[in-house]
Amino acid sequence: MEELNPFYRLSPFIREYIYSRNWQTLRPVQAAACKMIFDTDKNLLLAAGTASGKTEAAFFPILSALYENPPASVGCLYIAPLKALINDQFERLNELCLDSGIPVYHWHGDVAQSKKEKAVKYPGGVMQITPESLQALLLRRHNLLIPLFGDLRYIVIDEMHAFMRNDRGLQVLAMIEQLERMTGTSPRRIGLSATVGDIDAACAWLSAGSKHETIAPALPPASSLWHIAMENFPVNQSLTEHAEEDSEDAPEGGDPG
């Protein structure tokens, strides 16, 4: 039945995006994320392999929720460790949101001031930011926090394993808690990682200071498609005859050599 299929719970512009790419079905991580984000109020850890569709898994239901109920500020804050990763994902999300009316902003040291001013003037949708730029906002431009994040609903942390391994991750958690206190919000957290080993430890890390419990959906193991090729090699006839002769000359029950 259609109502049981998470695809039909996604907003029309996302379904059209999927159709346009001739995708036959949602991937397991995407279907699981839709169910968890639509049906619970918990944080979510998506631990799946590279190219498994984790980014879409997080943003398909998040963007659908923001589309159906637009926030009064940035609705989703995306934190990533590298500017290059943000720039790459910025292009992908802009393509995804092209016909939705949902703005996507990126905010780091290489982004033009005019684009940051546009985000301040018309806050909404998704903002992608590095930890360093978020810290600068918290320290030097705290007057912008309410206009920018007063209705913040989701925080997506990409490459979460990179933050868990060092003090930078503790800084990220501290800044998230500070942002929540200063804006009076309690956004759900969605962690994305391809290399988390200890799922329980990762869930505990993501939950630190949060009012929401973290869950990690069980995903089926990635299947592999094997392509087997067979090649024929020509056999020299004289070599074949010699091999038969050697076999016939070997003494019965003996060691052929």
Side-chain angles (χ1 to χ4, degrees), residues 10-11 13-14 16-18 20-21 23 26-27 29-30 32-34 36-37 43-67 71 73-112 114-116 118-119 122-137 148-149 152-165 168-169 172 175-176 179 187-196 202 206:
L10 298 171
S11 292
F13 74 94
I14 293 179
E16 179 59 34
Y17 178 90
I18 294 171
S20 68
R21 279 150 183 78
W23 295 359
L26 293 177
R27 296 183 181 182
V29 68
Q30 295 163 355
C34 286
M36 297 300 178
I37 291 176
N43 298 330
L44 180 62
L45 172 65
L46 296 177
T50 302
S52 61
K54 292 187 300 296
T55 300
E56 291 83 0
F59 279 103
F60 281 173
I62 287 175
L63 292 173
S64 293
L66 299 183
Y67 181 82
S73 70
V74 169
C76 176
L77 183 65
Y78 169 98
I79 302 173
L82 300 173
K83 291 185 285 188
L85 177 58
I86 286 178
N87 292 339
D88 177 66
Q89 299 290 9
F90 178 72
E91 298 299 329
R92 292 177 65 184
L93 286 181
N94 263 307
E95 184 180 11
L96 176 57
C97 295
L98 187 62
D99 298 320
S100 69
I102 298 176
V104 181
Y105 301 109
H106 55 337
W107 189 300
H108 56 67
D110 295 342
V111 176
S114 60
K115 294 184 178 180
K116 296 178 180 178
K118 183 179 180 180
Y122 305 106
V126 180
M127 177 178 287
Q128 301 173 291
I129 198 166
T130 59
E132 292 72 25
S133 291
L134 179 57
Q135 183 177 43
L137 275 175
L148 280 175
F149 306 116
L152 185 63
R153 302 173 186 175
Y154 305 94
I155 295 178
V156 176
I157 305 176
D158 205 351
E159 300 291 326
M160 198 180 86
H161 55 274
F163 293 120
M164 292 177 61
R165 295 170 180 165
R168 196 181 185 204
V172 167
M175 289 190 296
I176 290 175
L179 179 62
R188 296 166 64 184
R189 304 175 187 177
I190 293 88
L192 310 180
S193 179
T195 60
V196 165
L206 192 59

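In this chain, residues are counted from 1 in sequence order.
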Undergrad: So, Arg189 side chain and Ile155 main chain: donor-acceptor pair closer than 3.5 Å or not?
TA: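 Looks like no, no N/O pair under 3.5 Å.
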Undergrad: Salt bridge or not for Lys54 and Glu159, using N-O below 4.0 Å?
TA: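 No, this pair does not count.
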Undergrad: Within the 4.5 Å heavy-atom criterion, are Leu63 and Leu96 side-chain neighbours or not?
TA: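 A side-chain contact under 4.5 Å exists here.
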Undergrad: Output yes when a side-chain donor or acceptor of Arg188 lies under 3.5 Å from a complementary backbone atom of Ile37, and no otherwise.
TA: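 A pair under 3.5 Å: yes.
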Undergrad: What pair of heavy atoms forms the shortest contact from Pro81 to Pro131, and how long is it?
TA: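 What the structure gives for the nearest pair is CA-CD, 4.5 Å.
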Undergrad: Is the closest side-chain heavy-atom distance between Ile176 and Ile157 below 4.5 Å?
TA: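 Heavy-atom side-chain distance check passes, below 4.5 Å.
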Undergrad: State the CD-CZ distance between Glu95 and Arg92, to the nearest 0.5 angstrom.
TA: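 Rounded to the nearest 0.5 Å, the CD-CZ separation comes to 9.0 Å.
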Undergrad: To the closest 0.5 Å, what do you measure between CG (Leu192) and CG (Leu44)?
TA: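 Spacing of CG (Leu192) from CG (Leu44) equals 8.5 Å.
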Undergrad: Only counting residues at least two apart or in another chain, list the ones meeting side chain to side chain donor-acceptor pair (under 3.5 Å) with Lys116.
TA: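 If we apply the side chain to side chain donor-acceptor pair (under 3.5 Å) test to Lys116, skipping adjacent residues, there are no hits.
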Undergrad: Do Tyr78 and Asp158 have side chains that get closer than 4.5 Å, going by heavy atoms?
TA: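 Of all side-chain heavy-atom pairs linking Asp158 with Tyr78, at least one is under 4.5 Å.
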Undergrad: Is the backbone N or O of Phe13 less than 3.5 Å from a side-chain atom of Ser11, with the two atoms forming a donor-acceptor pair by type?
TA: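 No: the side chain of Ser11 does not pair with the backbone of Phe13.
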Undergrad: List in chain and number order the residues that pass side chain to side chain donor-acceptor pair (under 3.5 Å) with Tyr105, two or more places apart in sequence or in another chain; answer none if no residue qualifies.
TA: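 Partners of Tyr105 under the side chain to side chain donor-acceptor pair (under 3.5 Å) test: none.
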Undergrad: May I ask you to test the Ile190-Asn43 pair for a side-chain heavy-atom distance under 4.5 Å?
TA: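 Not touching, per the 4.5 Å side-chain cut-off.
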Undergrad: Please verify the inter-ring angle class for Phe90 with His106; under 30° counts as parallel, over 60° as perpendicular, anything in between as tilted.
TA: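 Plane angle under 30°, so parallel.
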Undergrad: Tell me the closest heavy-atom pair linking Val29 and Ala57, and the distance in Å.
TA: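 Here Val29 and Ala57 meet closest at O-CB, 3.6 Å.
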Undergrad: Looking at residues at least two apart in the chain, or sitting in another chain, which of them share a ring pair (Phe, Tyr, Trp, His ring centres under 6.0 Å) with His161?
TA: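 His161 satisfies ring pair (Phe, Tyr, Trp, His ring centres under 6.0 Å) with no other residue.
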Undergrad: May I ask you to decide if Arg27's main-chain N or O and Gln30's side chain share a donor-acceptor pair within less than 3.5 Å?
TA: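 Present.
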Undergrad: Evaluate side-chain contact (heavy atoms from CB on, under 4.5 Å) for Leu26 paired with Ile18, printing each intermediate quantity in order.
TA: CA-CA 9 Å; Leu26 293 177; Ile18 294 171; 3.8 Å; yes
Undergrad: Got a salt bridge between Arg21 and Glu16, using NZ or NE/NH1/NH2 to carboxylate O under 4.0 Å?
TA: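 No, Arg21 and Glu16 are not salt-bridged.
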Undergrad: Using the six-membered ring wherever Trp is involved, compare the ring planes of Phe60 and Trp23 and label them parallel, tilted or perpendicular (cut-offs 30° and 60°).
TA: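 The rings of Phe60 and Trp23 sit tilted, inter-plane angle from 30° to 60°.
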Undergrad: Atom CD1 in Ile79, atom OG1 in Thr130: separation rounded to 0.5 Å?
TA: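 Rounded to the nearest 0.5 Å, the CD1-OG1 separation comes to 9.5 Å.
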